[in-house]
Amino acid sequence: MQTYRHAVAGDTVTVHVPQTREDFTRFSSWLARANRRGPVALDTETSGLDIYSPGYRLRTVQFGDERDAWVIHWERGPAFQSAARAALRRVDRFQIHNAPFDWAVLDEHAGAPLEVLAPRTTDTRLKAGLLDPRQPQEGGIGTGLKPLSAHYVDPSAPDTQGDLTQIFRSLGLTTATGWAGIPLDHPTYNLYAGLDVILTARLDPILTRELDRLGVRPELVQYEHEIARICTHMQRAGMVVDESYVQELRANLTYEEQHYADVARRYGVENVNSTRTLAEALVGMGERLTERTGSGALKVDKAVLSALADLSLQGERLNGRTPNPLAEAVIRSKRAGKWRASYADTFLEVMDAGGRCHPFVHSMAARTGRMSVTRPALQTLPSSDQMIRRALLADPGHVMISCDFSAVEMRVLAALADVRRMREGFLAGEDIHWFTARLVRGAGATESDRKVMKGAGFSKVYGGGVRTAARQTGASEEAMARAFAEYDRLYPEIKRASRRWQREAYESGMVFVSATGRRLPLDRDRTYAVVNYACQSVARDCLGQALLNIEEAGLLDMLKLPIHDEALLSAPREDAADAARAVEKAMTFDLYGVPITAEAEIGGRSWGSLYGADY
DNA sequence: GTTTTCACG
DNA sequence: ACGTACGTGAAAACG
């Protein structure tokens, strides 16, 4: 047996790497004792992140407690694998840091189903996120195992991932190839594989104590674990990629990118993505660039370029000036290039052997608890037309269903701030922006009145000011200032709630506690953001509740993606109408007397069918 | 690594 | 004292 010793928080800990039959007997008796004492920490090392790609390898499975870790070399063959499998079956409670990753890996490569692992798991990353959801660059501890261990367990805890990156380099490997290529026997690799579970085992009780001390309800912790499981379920199911469509799409986008890059080259711009050379070329053509970026450089983003090209942001001709041909070529080349690289290429890159992509669905990504989707980032596909979404399909024989909450953040604001007249509007089933416009401007309120009031409403939810609201809606600052005043008179509870929430946060160390018990740290220099945090985080919890309700309704296997205020599902064509009704029901409930409602739309086979063409 | 840009709710 | 649009992920350029 290979063993390694290391100091953690003043204790000597041991990492065991079993090789022989006797070693496995010792592992087995250790596991039986550990399992009787309490939860067992679990982790995996793998060849990388593309869990479902051909050639992906599970390399080691680690088990541990506060003093001992056992690194099982899964990659070495059947004897090692059956020991790991038996251990996975035997343990009653697991502690995992970032469980969704290991759940997915073990489900796909070790025959340990998500359905078995997840209910037995407590995730230290989720717990840490409920204590402080900020990223390190936002001033938080972060939710990585290294920063959390350094903060809560031992300031000298090694940076197991960062140090290994150095070792990869010394072996002639990169961050991308290192996890697959490092020899299984490498001492540091094994030591760190073991330390990760030991640190997780030590972290978990500390985080539990902290959650208790700060009054975070165990129900909220449990709720987050259920949502994480549902998100991993969605990842495992994945979405069908229409490969031949993507190939064709890629060719078309590449052609457009090249063609307009050639046009730009005629005006001396060799690289359309180089903002500095582009700004110089435009100035050289006699254009006046006035807007600056944060660091003082001349701004040449889509808004600036569209104005020069005499185009609206949607690409329609404005007929306000002579179009600048360079600006137009750059817009088109950059757009095609981005759509190719960010979407078409990634779809093909992450596809499994069966033609599906399996995005990571991070159940608690943003400071407000909002979810995010990566590899590929399916929450941010262009929605202006169906071109990109057309590449993703419902399951065979299925159609896509999208169900959106209706104006959920406005409803949440009405509920949380207890806005009397706004609640009346929602209870009467009104479109809230028309409702506001009529209350303020009378029965003759116009479309333009509604637009201004909608802008004012959004500003309340975002904590924005008159100037930005005017810019966003295209209204004059005077008109917007009047709308703000009318809004405040009509719904005075919003300002009162904002002041109350800021005061509450101030009194508890700049942490606002949401209606669902989520701890939301505020930045000292923009406490006004508390209104947005309150609304965005509770809207997120409405979506979380919807996911639980959808599972309860028996539709878990149809779920594809959460998109902030929307659930995307794939349902058998003949059941689609029933499924759509059931999802609407799952997304309809009461929030402090304000109705939260949702509307489903049934599409065709492709996601794109919900955005235009009927396919 | 940081900056800039652009895609979404 | 006053006013402040919120939250993400990803690619490419640049130093």
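Lettering follows sequence order; numbering is per chain, from 1. Quick note: numbers below take in every heavy atom, side chains included, and nothing from hydrogens, waters or symmetry partners. Computed from a predicted model, the values in this text were never measured in an experiment.
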Residue list, side chain to side chain contact (heavy atoms under 4.5 Å, CB included) with A:Ser498, at least two apart or on another chain: A:Gln502, A:Val531
Qualifying residues under side-chain hydrogen bond (donor to acceptor under 3.5 Å, both in side chains), relative to A:Thr160, sequence neighbours excluded: A:Asp196
Aromatic ring proximity, centroids under 6.0 angstrom, A:Tyr533 and A:Trp501: no
Residues in contact with DNA chain C, drawn from residues 273-285 of chain A - heavy-atom cutoff 4.0 Å: A:Asn273, A:Ser274, A:Arg276
Under the side chain to side chain contact (heavy atoms under 4.5 Å, CB included) test, residues paired with A:Ser406 that sit two or more places apart: A:Arg411, A:Thr597, A:Glu599
Centroid-centroid under 6.0 Å between A:Tyr487 and A:Tyr491 rings: yes
Expected output: side-chain A:Arg370 to main-chain A:Ala365 donor-acceptor under 3.5 Å: no
Involving DNA chain C, stems made of at least three consecutive Watson-Crick or G-U pairs, both distances under 3.5 Å: B:1-9 with C:6-14
Any A:Asn271 side-chain nitrogen or oxygen under 4.0 Å from OP1 or OP2 of C:dA13: yes
Sugar-phosphate only, base, or nothing, as touched by A:Gln536 at under 4.0 Å among non-hydrogen atoms: base
Sugar-phosphate only, base, or nothing, as touched by A:Arg375 at under 4.0 Å among non-hydrogen atoms: sugar-phosphate
Between C:dA11 (P) and A:Asp345 (CG): distance, integer Å: 9 Å
Any residue meeting salt bridge (charged side-chain N to carboxylate O under 4.0 Å, His left out) with A:Asp352, in chain and number order, not counting sequence neighbours: none
DNA chain C-proximal residues of residues 289-308 of chain A, any heavy atom under 4.0 Å: none
Phosphate OP1/OP2 of C:dG7 contacted by A:Tyr533 side-chain N/O (<4.0 Å): yes
Any residue meeting side chain to side chain contact (heavy atoms under 4.5 Å, CB included) with A:Arg499, in chain and number order, not counting sequence neighbours: A:Lys495
Boundaries of the chain A footprint along DNA chain B (any atom under 4.0 Å from a heavy atom): B:dT3 to B:dG9
Carboxylate-amine/guanidinium proximity below 4.0 Å for A:Glu138 and A:Arg526: no
Verdict with supporting geometry, A:Asp523 and A:Arg367, salt bridge (Lys or Arg N to Asp or Glu O under 4.0 Å): CA-CA 11 Å; A:Asp523 298 331; A:Arg367 189 192 295 212; 3.3 Å; yes
With A:Leu318 via side chain to side chain contact (heavy atoms under 4.5 Å, CB included) - residues at least two apart: A:Asp310, A:Ser312
Charged tip of A:Arg390 within 45° of A:Tyr245 ring normal and under 6.0 Å: yes
Sugar-phosphate, base or nothing in reach of A:Glu138, heavy atoms under 4.0 Å: sugar-phosphate
Sugar-phosphate only, base, or nothing, as touched by A:Phe458 at under 4.0 Å among non-hydrogen atoms: base
Stepwise side chain to side chain donor-acceptor pair (under 3.5 Å) test for A:Asn549 and A:Gln545: CA-CA 6 Å; A:Asn549 295 348; A:Gln545 188 58 52; 3.0 Å; yes
Cation-pi, A:Phe360 ring and A:Arg375 (6.0 angstrom, 45 degrees): no
Sugar-phosphate, base or nothing in reach of A:Glu409, heavy atoms under 4.0 Å: nothing
Under 3.5 Å donor-acceptor pairs involving side-chain atoms of residues 460-472 of chain A, not counting sequence neighbours:
residue: A:Lys460; atom: NZ; partner: A:Asp488; partner atom: OD1; Å: 3.1

Contact residues, residues 503-529 of chain A to DNA chain C [heavy atom, < 4.0 Å]: A:Asp525, A:Arg526, A:Tyr528
Touch class at under 4.0 angstrom, heavy-atom based, for A:Leu378 against every strand present: nothing
